Amino acid sequence: MVSRSRHNVGPDNERTDSGTADAPSRPGDGTALAPRRPTGHDVARLAGVSQASVSLVFSGNGGKRVSKATEKRVRDAAELLGYRPQAAARQLRLGRTGLTLLAIPNIRGPFFARVLASAHGAAEAHGLTVVVSSDWTSETLARTITANQFDGLMICSPNDRQIGELPPFLPTVLLDADPALAGKNRQVVELDVAGGMRAAVEHLADLGHRSIGHLRYHRASYTFRARQSGFEAAAARLQVTEYAISLAEELDATRDAAHKLLSAPSPPRAVICDDDVAAAGVYHAAAAFGLRIPDDISVVGMDNIDAASLLTPGLTTVDLHGEKLGELGIAALTTMLQGESVAPTGLVRTRLVVRQSTGPADPAVRGLVTGHTTPVPPIP
């Protein structure tokens with residue numbers, strides 16, 4: 001690590017206390033010229049390494065040739081000096097654009113904003129720039145790849161049609177996707193959405209709920225099939241009422257489905273939703289019917305977007321760790337661009353966040369009579 005108490009290197013090997021290389025004086029009048037831009041040579045001297053090591057670090061070709069400790073010294077020195085490598089020249093030498101395309105299903109979706117934010121931050125540290133798209137087709141993708149606009153591709157929660165159209169030669173990372181799709185020039189970061197859904201169902205079962213509603217999205221993609229399989233496995237012994245929602249009509253369809261669910265002759269006392277936006281639709285419907293959350297109905301979402309904690313009462317939900325997806329995706333893509341093999345990331349675990357929107361089932365359902373509770377049989 002480079003201490004900020006160290007002196008920086010100025011022109012003519014002079015040392016200064018500033019965070020940038022020192023400015024030379026005009027001959028004869030002592031007037032300082034504008035501070036010059038720090039160079040890779042300055043970084044090398046401050047970090048105590050060769051200039052070749054600095055070039056390897058910022059070209060993205062360090063790999064096994066530069067140790068992690070050396071790379072950290074170089075980056076710390078660069079930050080202290082305010083050094084910024086000339087990205088355009090570097091990419092030209094490497095035959096790259098420095099651009100990565102991140103395709104997401106819905107640019108307005110709060111969860112995907114978390115993925116994008118973390119991908120941007122991680123990409124910047126590796127000298128890459130992320131460009132986001134939420135409405136690309138096979139024609140758009142083919143035109144983009146043919147024009148060599150992007151060095152790599154990341155797709156979050158891809159649908160089945162997109163998977164079949166992926167170019168085999170472009171380094172690609174699939175986020176929240178089927179691990180069976182991994183192969184040459186293609187890596188997968190798998191998200192445990194099925195485990196998250198099971199945790200949500202088991203939480204409600206532990207509270208005594210035996211009749212559960214499910215608002216699920218209708219979309220041909222692995223992530224929603226995994227959520228459905230996790231739900232079905234955990235709810236096998238429960239009474240279930242389901243409504244499918246079109247992602248193309250997310251808000252209106254969610255409100256309509258929630259109203260139908262809660263207006264049934266014997267509505268469920270608990271509802272699980274495929275994301276937090278759908279859960280907000282249940283809040284809306286519950287208010288319209290005069291139902292109190294969680295006294296009359298318990299609600300569970302999935303994603304743990306920022307608004308989940310702002311709802312009244314706070315929404316119990318499954319945290320899908322969108323930030324982790326973006327970071328792992330960029331790390332895998334960067335390794336692929338360096339021509340190295342990518343170690344499996346493993347299953348990204350999810351976490352149930354219990355807030356105030358879930359509570360015990362109705363006492364009659366739980367068998368609460370004359371002050372004692374009949375135990376509820378566990379879900380196997």
Side-chain angles (χ1 to χ4, degrees), residues 109-111 113-114 192-217 227 230-231 234-235 238-243 245 250-251 254-255 257-264 266-323 349-368 371 373-376 378-379:
F111 171 74
R114 294 169 61 187
D192 190 17
V193 289
M197 187 62 80
R198 287 194 300 269
V201 173
E202 291 166 0
H203 170 63
L204 292 176
D206 288 343
L207 291 171
H209 293 281
R210 290 296 178 265
S211 176
I212 294 180
H214 182 204
L215 296 187
R216 64 182 182 88
Y217 286 118
R227 295 174 202 213
F231 177 86
L238 303 178
Q239 180 180 345
V240 174
T241 304
E242 283 191 324
Y243 281 92
I245 305 168
E250 182 179 15
L251 296 178
T254 296
R255 283 192 293 264
H259 276 74
K260 291 177 182 177
L261 184 66
L262 299 186
S263 62
S266 298
R269 293 289 182 177
V271 181
I272 292 180
C273 304
D274 268 5
D275 72 4
D276 293 344
V277 175
V282 177
Y283 272 60
H284 183 277
F289 286 106
L291 299 176
R292 299 166 298 169
I293 301 174
D295 296 341
D296 301 316
I297 184 169
S298 291
V299 184
V300 181
M302 181 171 279
D303 282 351
N304 194 30
I305 63 175
D306 292 340
S309 61
L310 301 178
L311 292 172
T312 304
L315 177 64
T316 294
T317 184
V318 178
D319 192 340
L320 298 187
H321 301 298
E323 293 84 358
R349 298 294 179 182
T350 53
R351 179 176 63 95
L352 180 68
V353 180
V354 179
R355 296 193 177 97
Q356 300 79 38
S357 67
T358 50
D362 185 84
V365 177
R366 291 183 58 90
L368 185 61
T373 303
T374 300
V376 175
I379 299 294

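Keep in mind the model is a prediction, meaning the values are calculated, not measured.
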Ring geometry between H284 and H259 (parallel below 30°, tilted from 30 to 60°, perpendicular above 60°):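 Correct class here is tilted.
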Side-chain donor/acceptor of [X] to backbone N/O of [Y], under 3.5 Å:
{"X": "D276", "Y": "A308", "answer": "no"}
{"X": "D303", "Y": "I305", "answer": "no"}
{"X": "S357", "Y": "T316", "answer": "yes"}
{"X": "R269", "Y": "I212", "answer": "no"}
{"X": "T317", "Y": "M302", "answer": "yes"}
{"X": "Y217", "Y": "C273", "answer": "no"}
{"X": "Q356", "Y": "G314", "answer": "yes"}

Might you work through the side chain to side chain contact (heavy atoms under 4.5 Å, CB included) test for R227 and R216, ending with a clear yes or no? CA-CA 9 Å; R227 295 174 202 213; R216 64 182 182 88; over 6 Å; no
From the options I272, T241, I245, select the one residue that forms a side chain to side chain contact (heavy atoms under 4.5 Å, CB included) with L215.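 Of all the options given, the one that passes is I245.
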With sequence neighbours left out, write down each residue that passes ring-ring contact (aromatic ring centres under 6.0 Å, His included) with F111, or none if nothing qualifies.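 Per chain and number, F111 pairs via ring-ring contact (aromatic ring centres under 6.0 Å, His included) with no residue.
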Is any side-chain heavy atom of R351 less than 4.5 Å from a side-chain heavy atom of H321?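 Sidechains of H321 and R351: in contact.
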So which heavy atom on S298 is nearest to which on T358, and how close?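 Minimum heavy-atom contact is OG-CA, 3.5 Å.
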A quick test of your reading: do over 12 heavy atoms of other residues, nucleotides or ligands sit less than 6.0 Å from CG of D295?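 Atom CG in D295 is packed in, count exceeds 12.
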Using the side-chain hydrogen bond (donor to acceptor under 3.5 Å, both in side chains) criterion, which residues pair with E323? Sequence neighbours excluded.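 Partners of E323 by the side-chain hydrogen bond (donor to acceptor under 3.5 Å, both in side chains) criterion, ordered by chain and then number, come out as R114.
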